[in-house]
K.L.:
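Could you have a look at this structure, given as structure tokens, before my questions?
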2 protein chains.
Amino acid sequence: MESKVMSIGVVCELTGLTERQIRYYEERKLIFPERTKGGNRRYSFEDVKSIQEIHQKMQEGFNTFELKELNKSKKQRCTPIFR
Amino acid sequence: MESKVMSIGVVCELTGLTERQIRYYEERKLIFPERTKGGNRRYSFEDVKSIQEIHQKMQEGFNTFELKELNKSKKQRCTPIFR
DNA sequence: CGTGTAAGGAATTCTGACACG
DNA sequence: CGTGTAAGGAATTCTGACACG
């Protein structure tokens, strides 16, 4: 389910986090919700999963910069390597 | 995906129908969205599927009353029969 | 750094009604 | 019967900023 269909309020309910926290993860480029024509955020279930993982990692002591690096290396692992 | 997470605007986009049509199906007891504390409707992906089926049937000439009967018999088929 | 909050505005949704047919 | 619409209000969400630390 990668379709972006949820407003931030629903994501708050599903994750137990605040709007502030969720918007901050976006500010730090950790999640990428879509926008309606009016500018409202729309999240997917995958986004919700990401948000929960991010929050988990942060409670373990990681900061948002480190999480961004982790995400980068995740992507690199999935892309072909040329030498 | 039976979690009720979508606002009516998203359902309009997914189905191509108007808010009026979607609310009318609810008025006729064909779909059952949840409500936020504030009173806003929340739909699931199953609701979206139902809405599309309802719209399809209506274009084939059924009215909402007949569709309600169809739904009843569907449920009856799934419940045990006692004689 | 990560999050709370008050502020003001804008987008979204709600209901009940009138209309057509 | 099924749907469009204008009306007025209410719930939801948005941004930028100040605060603490």
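Because the structure is a prediction, the values reported are computed rather than measured. Naming: A, B, ... by sequence-line order, numbering from 1 per chain.
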K.L.:
Looking at the side chain of Ile8(A), which of dA17(D), dT3(D), dT13(D) is the nearest nucleotide?
P.N.:
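Closest nucleotide among those given: dT13(D).
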
K.L.:
Think Tyr24(A) has a side-chain N or O under 4.0 angstrom from the OP1 or OP2 of dT3(C)?
P.N.:
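Checking dT3(C) against Tyr24(A), no side-chain N or O comes under 4.0 Å of OP1 or OP2.
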
K.L.:
Assign each of Tyr43(A) and Phe65(B) to its nearest nucleotide of DNA chain D by heavy atoms, then name whichever residue's nucleotide is nearer the 5' end.
P.N.:
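Per heavy-atom nearest nucleotide, the more 5' residue is Phe65(B).
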
K.L.:
Does dT13(C) have OP1 or OP2 under 4.0 Å away from a side-chain N or O of Arg41(B)?
P.N.:
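No, no such contact exists.
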
K.L.:
Expressed in angstrom and rounded to an integer, what is the separation of Met6(B) atom CE from dT12(C) atom P?
P.N.:
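Taking CE of Met6(B) and P of dT12(C), I get 17 Å after rounding.
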
K.L.:
From CZ of Arg42(A) over to P of dT12(D), roughly how many Å is that when rounded to an integer?
P.N.:
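It is 13 Å, rounded to the nearest whole Å.
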
K.L.:
Could you tell me the Watson-Crick or G-U partner of dG8(D), where both distances fall under 3.5 Å? Say none if there is no partner.
P.N.:
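In the structure as shown, dG8(D) has dC14(C) as its Watson-Crick or wobble partner.
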
K.L.:
Which of these nucleotides, dC14(C), dT12(C), dG4(C), is closest to any side-chain atom of Thr36(A)?
P.N.:
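Looking only at heavy atoms from C-beta outward on Thr36(A), the closest nucleotide is dT12(C).
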
K.L.:
Is any side-chain N or O of Arg20(B) closer than 4.0 Å to OP1 or OP2 of dA6(D)?
P.N.:
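For dA6(D), neither OP1 nor OP2 has a side-chain N or O of Arg20(B) closer than 4.0 Å.
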
K.L.:
When you check the gap from the basic side-chain N to the acidic O, do Glu26(A) and Arg41(A) get nearer than 4.0 Å?
P.N.:
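Salt bridge present between Glu26(A) and Arg41(A).
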
K.L.:
Under 4.0 Å between a side-chain nitrogen and a carboxylate oxygen: does that hold for Glu13(A) and Lys37(B)?
P.N.:
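So Glu13(A) pairs with Lys37(B) through a salt bridge.
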
K.L.:
Rounding to a whole Å, what distance do you find between Gln59(A):CD and dT3(C):C1'?
P.N.:
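Going from Gln59(A) (CD) to dT3(C) (C1'), I get 13 Å.
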
K.L.:
Of all heavy-atom pairs between Tyr25(B) and Met58(B), which one has the smallest distance, and what is that distance?
P.N.:
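For Tyr25(B) and Met58(B), the tightest heavy-atom pair comes out as CE2-SD, 3.6 Å.
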
K.L.:
Ignoring hydrogens, what is the shortest heavy-atom contact between Val5(B) and Val10(A)? Give both atom names and the distance.
P.N.:
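It is O-CG2, 3.5 Å.
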
K.L.:
Given atom CD of Glu19(A) and atom C1' of dT15(D), what is their separation to the nearest angstrom?
P.N.:
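After rounding, the reported distance stands at 12 Å.
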
K.L.:
Can you figure out which of dG2(D), dG4(C), dC14(C) approaches the side chain of Gln21(A) most closely?
P.N.:
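Nearest to the side chain of Gln21(A) among the choices is dG4(C).
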
K.L.:
For dG2(C), which nucleotide in any strand shown is its Watson-Crick or wobble partner with both distances under 3.5 Å?
P.N.:
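Result: dC20(D).
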
K.L.:
Hey, which of these two, Gly39(B) or Arg28(B), hits DNA chain D nearer its 5' end, going by closest nucleotide?
P.N.:
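Its nearest nucleotide being more 5', the pick is Arg28(B).
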
K.L.:
Quick check: on DNA chain C, is the nucleotide nearest Lys37(A) upstream (toward 5') of the one nearest Thr64(A), or the reverse? Name the residue that is more 5'.
P.N.:
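Closer to the 5' end of DNA chain C: Thr64(A).
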
K.L.:
Whether Glu19(B) and Arg23(B) form a salt bridge (side-chain N of Lys/Arg under 4.0 Å from carboxylate O of Asp/Glu) is what I want to check.
P.N.:
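Salt bridge flag = yes for Glu19(B) with Arg23(B).
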
K.L.:
Short question: side chain of Gln59(B), backbone of Gln56(B) - any donor-acceptor pair under 3.5 Å?
P.N.:
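No: the side chain of Gln59(B) does not pair with the backbone of Gln56(B).
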
K.L.:
Rounded to the nearest angstrom, tell me the gap between atom CD in Glu26(B) and atom P in dC14(C).
P.N.:
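Between P of dC14(C) and CD of Glu26(B): 8 Å.
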
K.L.:
When you get a sec, tell me which of dT3(C), dT13(C), dG2(C) is the closest nucleotide to the side chain of Asn63(A)?
P.N.:
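Closest nucleotide to the Asn63(A) side chain: dG2(C).
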
K.L.:
So, is Arg23(A) close to the dC14(D) phosphate, meaning a side-chain N or O under 4.0 Å from OP1 or OP2?
P.N.:
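For dC14(D), OP1/OP2 do have a side-chain N/O of Arg23(A) under 4.0 Å.
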
K.L.:
Could you say whether Asn40(A) or His55(A) is positioned toward the 5' end of DNA chain C, judged by the nucleotide with the nearest heavy atom to each?
P.N.:
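In this pair, the answer is His55(A).
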
K.L.:
Round to a whole Å and report the spacing from NZ of Lys57(A) to P of dG2(C).
P.N.:
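Distance check: Lys57(A) NZ to dG2(C) P gives 15 Å.
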
K.L.:
Report yes if at least one side-chain N or O of Arg35(A) is closer than 4.0 Å to OP1 or OP2 of dT15(D); otherwise report no.
P.N.:
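Yes.
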
K.L.:
Can a side chain N or O of Ser7(B) be found less than 4.0 Å away from OP1 or OP2 on dT12(C)?
P.N.:
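Checking Ser7(B) against dT12(C): no side-chain N or O falls below 4.0 Å of OP1 or OP2.
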
K.L.:
Roughly how many Å is it from CD in Glu27(B) to P in dT13(C), rounded to a whole number?
P.N.:
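Rounding to the nearest Å, CD of Glu27(B) and P of dT13(C) are 19 Å apart.
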
